[in-house]
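Step one of this worksheet: look at the structure below.
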Amino acid sequence: MSVVVAVGTMKGAFFLRADEARSEWQLHGPAHKGWIVNTFGRAPDGAYLLATGSTWYGAAVHRSSDLEEWEQVVDGPAYGEERKLNQIWTLHTQGDTVWAGVDEAGLFRSGDSGATWEPVTGLNEHETRERWEPGLGGLAAHRVLTDPSDPNRVWCGISAVGVFRSDDGGETWHPKNDGVPAAVQDDDHPDIGYCVHCLVNDPSNPGTIWRQDHLGVFRTTDGAETWERVESGLPANFGFPIERHHASGRLFVIPLESDQYRMPVNGDFAVYVSDDGGNSWYRTGVGLPDGSFTGVLRDAMACDQMDDAGVYFGTTGGVVHYSTDGGNEWHTMPWTFPRILSVQVFTD
Amino acid sequence: MMAAVTVTIPQMLATLVKSGREIEVKGGKSVSGVLDGLFTIHPELRVHVFNERGEVRPHVRCFHNETSVYDLSEPVADGDTVTILQAVSGGV
């Protein structure tokens with residue numbers, strides 16, 4: 001088995017390869033040198049997917065069979081004249097469908113492994129759409145969750161707007177944020193204005209979802225009908241990524257001090273884990289640098305889902321840290337990259 | 001005789017389509033026609049040169065011979081050059 005950690009940065013994609021032991025890493029890349037690489041995915045036909053953006057040239061999806069030779073998709077996600085497509089922030093595959101979440105916020109989907117895309121009109125033209133406002137990081141649909149047992153059930157997280165759920169395969173969408181405080185209250189549409197930062201669910205029980213929100217860490221066990229706060233043991237409830245190792249059920253967050261500062265509390269850069277579904281959290285691990293005031297963005301943490309959980313995250317300072325024992329001991333990759341936007345893991 | 005125009009594209013776009021920076025485009029009667037010809041050869045480039053309204057992107061500039069061109073209907077002649085430039089802007 002081989003492990004590839006894909007690192008998307010402001011200046012290209014880097015691929016860190018190792019064997020199953022995950023002790024010796026080789027650097028490949030950059031691919032798409034000079035381009036913003038927002039995220040990665042894997043298509044139903046096995047192709048790797050990568051999304052680029054650019055200050056100058058706009059956004060596009062690319063496909064590769066080997067993470068070396070890439071081919072840009074010609075008919076990628078695109079709005080009509082009425083709306084800009086600035087960035088592609090997530091590429092999520094379930095069954096035969098690839099979902100792309102974009103900024104300005106909306107979803108597109110592909111039924112041919114990313115070759116062509118169609119807009120998800122029920123969300124993109126939602127009745128609340130005209131009231132969606134960008135947060136500091138833009139107006140982004142940045143996370144899609146699916147239910148492996150029910151392809152009609154889909155969740156989408158949109159920053160500064162909230163979580164939406166579809167029960168009919170993406171035709172209609174409904175805000176689902178009860179129990180979460182609004183970041184920006186909208187008097188006309190009180191069901192939007194919720195600043196979700198990241199979502200992860202349990203594939204064996206997809207209606208159980210954990211949420212790192214602008215205003216705390218939350219959990220739902222009923223498919224997002226209701227949310228409850230689950231922050232016991234955390235030094236701060238702000239942060240961006242939330243990740244789960246599915247075999248063990250261990251959850252990971254990286255707390256940051258409030259939305260005003262967005263840094264580890266007192267420079268204590270640490271990963272917190274929960275082994276009881278979010279009921280309690282504790283600081284874990286040795287090996288991370290002391291006195292680090294860096295941050296980790298919402299798509300920049302991933303698990304490899306091997307039995308000895310590999311956990312990887314990249315910082316805004318361009319450093320990748322990883323653990324091969326579920327976060328008990330952390331190591332640092334020997335390279336410094338541009339600002340890291342995305343970390344994803346592929347195992348074959 | 002069909003006009004042959006040499007189009008020069010930025011290195012980032014040349015790398016993307018695995019070509020050299022200079023691409024010969026035949027048959028275009030205007031700058032717009034030349035760009036259409038370029039996009040026939042490399043359809044991936046359209047989204048990077050034009051925005052969603054079909055306009056040249058704000059931080060991309062198009063030159064006909066040595067003059068910045070805003071009216072893409074400007075006629076071209078055999079041997080002309082069209083240059084697509086990445087603006088000196090940014091900061092990230």
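Because the structure is predicted, anything quoted here is derived from the model rather than measured. All chains are named by letter (A, B, ...) in the order of the sequence lines, taking the proteins before the strands, and each is independently numbered beginning at 1.
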If we only count heavy atoms from C-beta on, is the A:Trp56 to B:Pro10 side-chain gap below 4.5 Å?
no
Which of residues 12-20 of chain B have a heavy atom under 4.5 Å from any heavy atom of chain A?
B:Met12, B:Leu13, B:Leu16, B:Lys18
When only heavy atoms count and the cut-off is under 4.5 Å, which of residues 41-57 of chain B reach chain A?
B:Pro43, B:Glu44, B:Val47, B:His48, B:Glu52, B:Arg53, B:Arg57
May I ask you to check whether over 12 heavy atoms, not counting those of A:Asp96, lie within 6.0 Å of atom CG?
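For A:Asp96, atom CG is not crowded (no more than 12 foreign heavy atoms under 6.0 Å).
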How about A:Gln26: does its CD atom have over 12 heavy atoms from other parts shown lying under 6.0 Å from it?
no
Residues in residues 65-73 of chain A near chain B [non-hydrogen atoms, under 4.5 Å]:
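A:Glu69, A:Trp70, A:Gln72 fall under the 4.5 Å cut-off.
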Heavy-atom cut-off 4.5 Å, strictly under: side chain, backbone, both or neither for A:Arg83 against chain B?
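The backbone, not the side chain.
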Partners of B:Val34 by side-chain contact (heavy atoms from CB on, under 4.5 Å), sequence neighbours excluded?
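Applying side-chain contact (heavy atoms from CB on, under 4.5 Å) to B:Val34 gives B:Val5, B:Val7, B:Val25, B:Val76, B:Val82.
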